[in-house]
Number of protein chains: 4
Amino acid sequence: MARKAILEATVRLLERMTLQNLAIECIAREAGVGKATIYRWWPNKAAIVIDAFFEEVVPRTTFEKAPTAAEAIQRQAVRIMKVLNGRQGRIVAQIIAEGQNDPTVLEYFRSMFLRQRRAAAGEIIQAGIDSGEFLADLDIELAIDLIYGPMWYRLLVGHQPLDRAFAETLPRLATAAISRQKHATD
Amino acid sequence: MARKAILEATVRLLERMTLQNLAIECIAREAGVGKATIYRWWPNKAAIVIDAFFEEVVPRTTFEKAPTAAEAIQRQAVRIMKVLNGRQGRIVAQIIAEGQNDPTVLEYFRSMFLRQRRAAAGEIIQAGIDSGEFLADLDIELAIDLIYGPMWYRLLVGHQPLDRAFAETLPRLATAAISRQKHATD
Amino acid sequence: MARKAILEATVRLLERMTLQNLAIECIAREAGVGKATIYRWWPNKAAIVIDAFFEEVVPRTTFEKAPTAAEAIQRQAVRIMKVLNGRQGRIVAQIIAEGQNDPTVLEYFRSMFLRQRRAAAGEIIQAGIDSGEFLADLDIELAIDLIYGPMWYRLLVGHQPLDRAFAETLPRLATAAISRQKHATD
Amino acid sequence: MARKAILEATVRLLERMTLQNLAIECIAREAGVGKATIYRWWPNKAAIVIDAFFEEVVPRTTFEKAPTAAEAIQRQAVRIMKVLNGRQGRIVAQIIAEGQNDPTVLEYFRSMFLRQRRAAAGEIIQAGIDSGEFLADLDIELAIDLIYGPMWYRLLVGHQPLDRAFAETLPRLATAAISRQKHATD
DNA sequence: CACTAAACGAGACGGTACGTCGAGTCTTGGA
DNA sequence: TCCAAGACTCGACGTACCGTCTCGTTTAGTG
């Protein structure tokens, strides 16, 4: 099957070059495949990369059990940050970059990557609300953005590192913001 | 001066097309200028756009006086969000996108745009710390990211709108997280 | 039978496009046939066209009786010219064009189309020689070329039209050249 | 100048391959030139070949002085046939072939190659008419076709060789057809 | 009458070339 | 002397067909 060869070639090439420089002709050559075959199956470069990325690279990082919702979030955040901090983070960043010029890329990225993760995070937060740990009238979407937004910000703008200190302090502050205790004193 | 004609042409063209599609040949034609002249003055497309953007477009949005630091942040956040939500937001997003493939673009963007804004925000937060409004041991950089990160996240990933509700709730939650009161009950 | 569908599709397509533009994929689609089936039966495009052309289109124009050989030639020339002057002429021209790059096409064309016609013309001329109408030592092949060459020349090069005046004057001059004495003294 | 390199490369390549197989990419590579440069100056392959052919290859074969018009034609015919019989003949044949699918090619060919030659031949014939050697009411265009048509016919259809016998007998017969009286009856 | 083998449609596949676009460099002619 | 104008090489784009090659699926012909 050509599909597999193409995705593997893409992964191989992404280790050496950026998505921007990654020509479709390059993938075709590396995979030993005709360009037409690629265009038959994918509408654009980013779609290939997203497929390649998520079929072969991404570990399906999920939330693990934890005593409190805040604790679960904390652990997940550390794990996600580790991923974003490496080569995979660079790839995701470039997919988002590509998406700024092509809304379908962004949509594809959201549906392949973001949706599940945000849904999972949403469940944890909902559980926290139900247990009285988090604010009752919390906007869940906003809560998720509060936790993960700063990570993406640093990943994409690069003004500060995605280091261990950040990985630990950020979710602590963010979960504090949405906890009931804080609301009582507000 | 050719420089001015080029920047003006760039601004004019950016109203009609994306940074990605904006060819240097296009700018040269629009400005009535030789391509070589452009290359003499700027290393790449994004540099032109950043110059054009910040010389002619961006209003130097600053913090206004407010009774509390939280209040000042709140107002500034609303104002920034309005900018990001329009055409200028799309341009900034595309500059950041360009930056994913070229670190110098990102660095140029940070030094031209981000640095001052973050410094200004930092001063407000520092004032809040000094007045006892915010946590004494606060990591200022992280505090700034907590406030603005979610905005950039939504701007760049587009999973949720940058609407009025978001503009008001986000800074409230974020400043709550860094306020002393919350720390006391934690 | 697929063969018939293919030839009919070819004829149909040739009414709309040139042989050059006639893709085998096109024929396959139009005929509702797999490409492999076409390749099973014909070595190349021109072979299909020649078959299609001679099975379905060409009327087997033959010489009719006439009082003199010159007269027979005259009538046949007029009839042939009429054929060459229309769509069929264009197709033949394109077959010959195709033949410039593939000798087998040319050979196939000669054996399918030219041979019989030249043989028939040769018989008439031979009869004219035998009857003393034409020169005794006449090179028959050359005589045929003298009569038909100018027609093909105009068909293929298009510098002058294949009109009625040409159709009548050409064979008169040509047969005069090969007659023992000139007919009209002009 | 790129133009020269392109034409030279074309000539070089035509010694190894047919016009049909001659890809523009090939010419560009051989000439060390960008494809765009070729497209800037020529509308299609055949136009390049025609230019290349007539700038660098074709000797400007002209009529030489001769005692009679028939004699002048005879000599010129032999010379032309020599040219058509070799590699140059193959190239011209392929240009005409190309022309069957693109009228502009044919027109370009006529204006670059045919026009002058036919005009020169026309002058000789006119001189023959004026001197009383040829028929007074002769259609000159047709006369030219009568002489050269058979050559092109053989060149393009290949049913008979363009040999010495043909080269000598053809113009003799053809000029006889247009003479006021037959010379020798041979 | 069932079974097999061929011929078949559909279309994926690796290729080659197409004609276009823009990048970034280099040359020229007029102001 | 400077610079617009634009020619130049280069490389990738996305498309069109090429001719080859599986795939099932008809469809005959034979056993």
Side-chain angles (χ1 to χ4, degrees), chain A residues 1-6 9 17 20-45 48, chain B residues 1-3 5-6 9 17 19-46 48 102, chain C residues 1-6 9 17 20-45, chain D residues 1-6 17 20-45 48:
Chain A
M1 195 54 168
R3 179 186 164 83
K4 207 182 161 195
I6 291 167
M17 64 208 313
Q20 175 101 319
N21 299 331
L22 177 65
I24 288 197
E25 296 212 340
C26 237
I27 299 177
R29 210 178 313 123
E30 175 82 17
V33 137
K35 272 199 290 178
T37 303
I38 296 180
Y39 286 108
R40 205 188 332 271
W41 298 103
W42 291 275
N44 56 56
K45 213 161 46 174
I48 310 171
Chain B
M1 192 57 168
R3 177 185 165 81
I6 291 167
M17 62 209 314
L19 199 166
Q20 175 100 320
N21 299 332
L22 178 67
I24 287 196
E25 298 211 339
C26 244
I27 298 176
R29 209 179 314 122
E30 176 83 17
V33 139
K35 274 202 287 179
T37 305
I38 296 182
Y39 284 108
R40 208 188 331 271
W41 295 92
W42 292 275
N44 56 54
K45 209 160 50 174
I48 309 172
D102 183 349
Chain C
M1 193 55 167
R3 179 185 163 82
K4 207 182 161 195
I6 291 167
M17 62 208 315
Q20 176 102 316
N21 298 331
L22 176 67
I24 287 195
E25 298 211 341
C26 240
I27 299 177
R29 209 178 315 121
E30 174 82 17
V33 138
K35 274 200 289 178
T37 304
I38 296 180
Y39 284 108
R40 207 188 332 270
W41 295 94
W42 291 275
N44 56 55
K45 209 161 48 174
Chain D
M1 193 54 168
R3 178 187 164 84
K4 205 180 161 198
I6 291 167
M17 64 207 314
Q20 175 100 321
N21 298 331
L22 177 67
I24 287 197
E25 297 213 339
C26 236
I27 298 177
R29 209 179 314 121
E30 175 83 16
V33 137
K35 271 198 292 178
T37 303
I38 296 181
Y39 286 109
R40 204 190 330 273
W41 298 101
W42 291 275
N44 55 56
K45 213 161 46 174
I48 311 170

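In what follows, every chain begins at residue 1, and chains take the letters A, B, ... in the order their sequences are listed.
- B:Lys45 pairs by the side-chain hydrogen bond (donor to acceptor under 3.5 Å, both in side chains) definition with nothing, not counting sequence neighbours.
- Nucleotides of DNA chain F with any atom under 4.0 Å from a heavy atom of chain A span, from 5' to 3', F:dA12 to F:dT15.
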Can you tabulate the close N/O pairs, meaning under 3.5 Å, that link protein atoms to atoms of nucleotides 28-31 of chain E?
none

Return a single string for nucleotides 10-20 of chain E, one symbol per nucleotide in 5' to 3' order, where B is base contact, S is sugar-phosphate-only contact and - is none, cutoff 4.0 angstrom on heavy atoms.
B-SBBB-SBBB
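- In this structure, CD1 on D:Ile24 lies 8.0 Å from CG on D:Leu22, to the nearest 0.5 angstrom.
- Of the inter-residue distances, the one linking A:Ile6 atom CD1 with A:Ile48 atom CD1 reads 7.0 Å to the nearest 0.5 angstrom.
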Identify all side-chain donor-acceptor contacts of residues 31-41 of chain A below 3.5 Å with residues at least two apart in sequence or on another chain.
from: A:Lys35; atom 1: NZ; to: A:Glu25; atom 2: OE2; distance (Å): 2.8

